[in-house]
Amino acid sequence: MAATRSAPADSAPKKTPAKLVFAAPRRGKPPRHLADLTAAERREAVAELGEKPFRADQLSRHYFARLVDDPAQMTDLPAAVRERLVSELLPSLLTPVRELTCDGGMTLKSVWKAFDGVLFESVLMRYPDRATMCVSSQAGCGMNCPFCATGQAGLTRNLSTAEIVEQVTAGARALARGRIPGGTGRVSNVVFMGMGEPLANYKAVLGAVRRITDPAPAGLGISQRAVTVSTVGLVPAIEKLAAEDMSVRLAVSLHAPDDELRDELVPINTRWKVSEVLDAAWAYADRSGRRVSIEYALIKDVNDQAWRADLLGRLLRGNLVHVNLIPLNPTPGSKWTASRPSDEREFVRRLEAHGVPVTVRDTRGREIDGACGQLAAATKD
């Protein structure tokens, strides 16, 4: 794409919409897992297996509260009962294929293989004051953003609720067992910013949010306020999420303040324009009381011009919002690269001049294919 340093013309030519994929291809379903079910559904499932419903509570306590993944440690369950319940309700969902660490071991990126061989990623990032899990909601992505490794791969399938939750429990086990430097700990934050468009897999993502935030032993007991769900701007799904009356944070991957450029960078913009996406975001903020995060990947000579910072500032000022600027982590062979430090600083200065809170994201994981989708794309079975 040709760079521009002047404002777009009012009469821009019409662009052919990029191919967007909302529905995942039909594939076999993962085996049923405890984390797919509500507390009531777990008791029903156990009863259908001919066992006392309270056994479901015992299983839940092992999985969510004690983070047990070895049936031999479930000693409050009789051996014969244990084998059957674990087989039926705690099947193995994810097989680790590859793990890489950086930042002195404080960042752990994992590639997982599901029952059908699809690959997806999660990242555990430990900071002095928190530990954040970044999880995938789909294997691949159908949103076709050209600067994103996952978008280049296309959509393979949606992940199940349990496949999403298991990424978090895997990180929780790593912290609880002292695998991450800094002593034992717990996952405090979860961000749906891994592979996939979370709101295109709405039902499974909502179920995962509830399992993650339900009090233990029904769930992992992480605060809803510590969960962030990102989207490229599926307006009806944003409105649907607002109606859930949850307190999770909404993050909007905007990447451009003008429709002309955003049509190219985020092709969903050909369906829902910047103004519609932001209107839905402000409605979410009003209903939830949570500040909306605007994600903006700074791309050299593409979207980092000073006039675009001013336009973004005018669009956002006066709203419950925070801008998260992301220095682009380029994918191999890509024409897209991170902005110059001087342009990044000017972009920040201009947003602040409009009274818009802004930070530059800590770029963890560059040396371990840290951009979403890079490591999975480079991994072979």
Side-chain angles (χ1 to χ4, degrees), residues 32-43 45 56-69 89-90 93-94 122-127 129-138 158-176 185-194 196-231 237-252 281 284-285 287-293 320 322:
R32 180 181 64 169
H33 189 280
L34 187 82
D36 289 312
L37 309 175
T38 66
E41 289 169 342
R42 293 170 209 167
R43 289 189 284 272
D57 300 329
Q58 291 176 304
L59 278 180
S60 297
R61 188 168 292 105
H62 285 301
Y63 181 78
F64 288 109
R66 297 174 182 164
L67 302 172
V68 171
D69 56 355
L89 292 174
L90 290 176
L93 292 180
L94 309 185
S122 66
V123 186
L124 171 60
M125 296 164 284
R126 189 171 198 174
Y127 301 91
D129 60 339
R130 68 191 187 281
T132 299
M133 277 299 310
C134 179
V135 299
S136 295
S137 55
Q138 296 178 312
N158 288 331
L159 300 186
S160 69
T161 288
E163 286 174 323
I164 298 169
V165 173
E166 181 64 8
Q167 296 170 63
V168 183
T169 57
R173 292 184 194 115
L175 284 163
R186 61 184 296 274
V187 173
S188 57
N189 297 71
V190 178
V191 295
F192 285 78
M193 294 183 177
E197 161 55 48
L199 295 189
N201 186 17
Y202 188 91
K203 183 178 179 181
V205 165
L206 185 66
V209 170
R210 298 213 182 274
R211 297 304 98 75
I212 290 165
T213 61
D214 283 345
L220 289 168
I222 296 171
S223 169
Q224 284 189 9
R225 296 181 67 83
V227 175
T228 299
V229 177
S230 68
T231 179
I238 295 173
E239 295 169 346
K240 189 175 180 181
L241 185 64
E244 303 286 351
D245 283 328
M246 304 175 78
S247 57
V248 299
R249 183 185 300 281
L250 177 71
V252 176
Y284 184 90
R287 185 148 182 173
S288 67
R290 300 300 310 281
R291 185 172 63 173
V292 171
S293 177
L320 196 59
H322 174 269

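Just so it is clear, the structure is predicted and the values come from calculations on it, not from any experiment. All residue numbers refer to positions in the sequence shown, counting from 1.
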Let me see the working for R61 and V68 under side chain to side chain contact (heavy atoms under 4.5 Å, CB included), right down to the final yes or no. CA-CA 9 Å; R61 188 168 292 105; V68 171; over 6 Å; no
Given the rule in the side chain to side chain contact (heavy atoms under 4.5 Å, CB included) test, do L241 and Y202 qualify, once you have shown the distances and angles that lead to the verdict? CA-CA 9 Å; L241 185 64; Y202 188 91; 4.1 Å; yes
Are any of the side-chain heavy atoms of L220 and V187 separated by less than 4.5 Å? no
pair L90-H33: side-chain heavy atoms closer than 4.5 Å: yes
Sub-3.5 Å donor-acceptor pair from the side chain of S136 to the main-chain atoms of S122, do we have one? no
Return the minimal non-hydrogen interatomic distance between [X] and [Y], and the atom names on each side.
| X | Y | value |
| --- | --- | --- |
| D36 | A162 | OD1-N, 2.9 Å |
| L89 | A45 | CD2-CB, 4.1 Å |
| I164 | A208 | CG2-CB, 3.7 Å |
| L175 | A131 | CD1-CB, 3.7 Å |
| Y63 | V165 | OH-CG1, 4.1 Å |
| L67 | R173 | O-NE, 3.4 Å |

Are side-chain N/O atoms of S137 and E197 paired as donor and acceptor at under 3.5 Å? no
Side chains of R42 and S60 only: does a donor on one sit below 3.5 Å from an acceptor on the other? yes
Would you compute the distance between atom [atom1] of [X] and atom [atom2] of [Y] and round it to the nearest 0.5 angstrom?
| X | Y | atom1 | atom2 | result |
| --- | --- | --- | --- | --- |
| L206 | N201 | CG | CG | 10.5 Å |
| L199 | E239 | CG | CD | 11.5 Å |
| C134 | N189 | SG | CG | 11.5 Å |
| Q224 | M246 | CD | CE | 4.0 Å |
| T38 | D214 | OG1 | CG | 9.0 Å |
| T161 | R211 | OG1 | CZ | 6.5 Å |

With sequence neighbours left out, the residues meeting side chain to side chain contact (heavy atoms under 4.5 Å, CB included) with S230 are M193, P198, A251
Could R43 and D57 be called an ion pair, given the rule that one side-chain N must be under 4.0 Å from one carboxylate O? yes
Dump the intermediate steps for side chain to side chain contact (heavy atoms under 4.5 Å, CB included) on R290 and V248, then the final yes or no. CA-CA 8 Å; R290 300 300 310 281; V248 299; 5.7 Å; no
Residue pairs passing the salt bridge (Lys or Arg N to Asp or Glu O under 4.0 Å) test with at least one member in residues 243-252, sequence neighbours excluded, are R210-E244, D245-R287
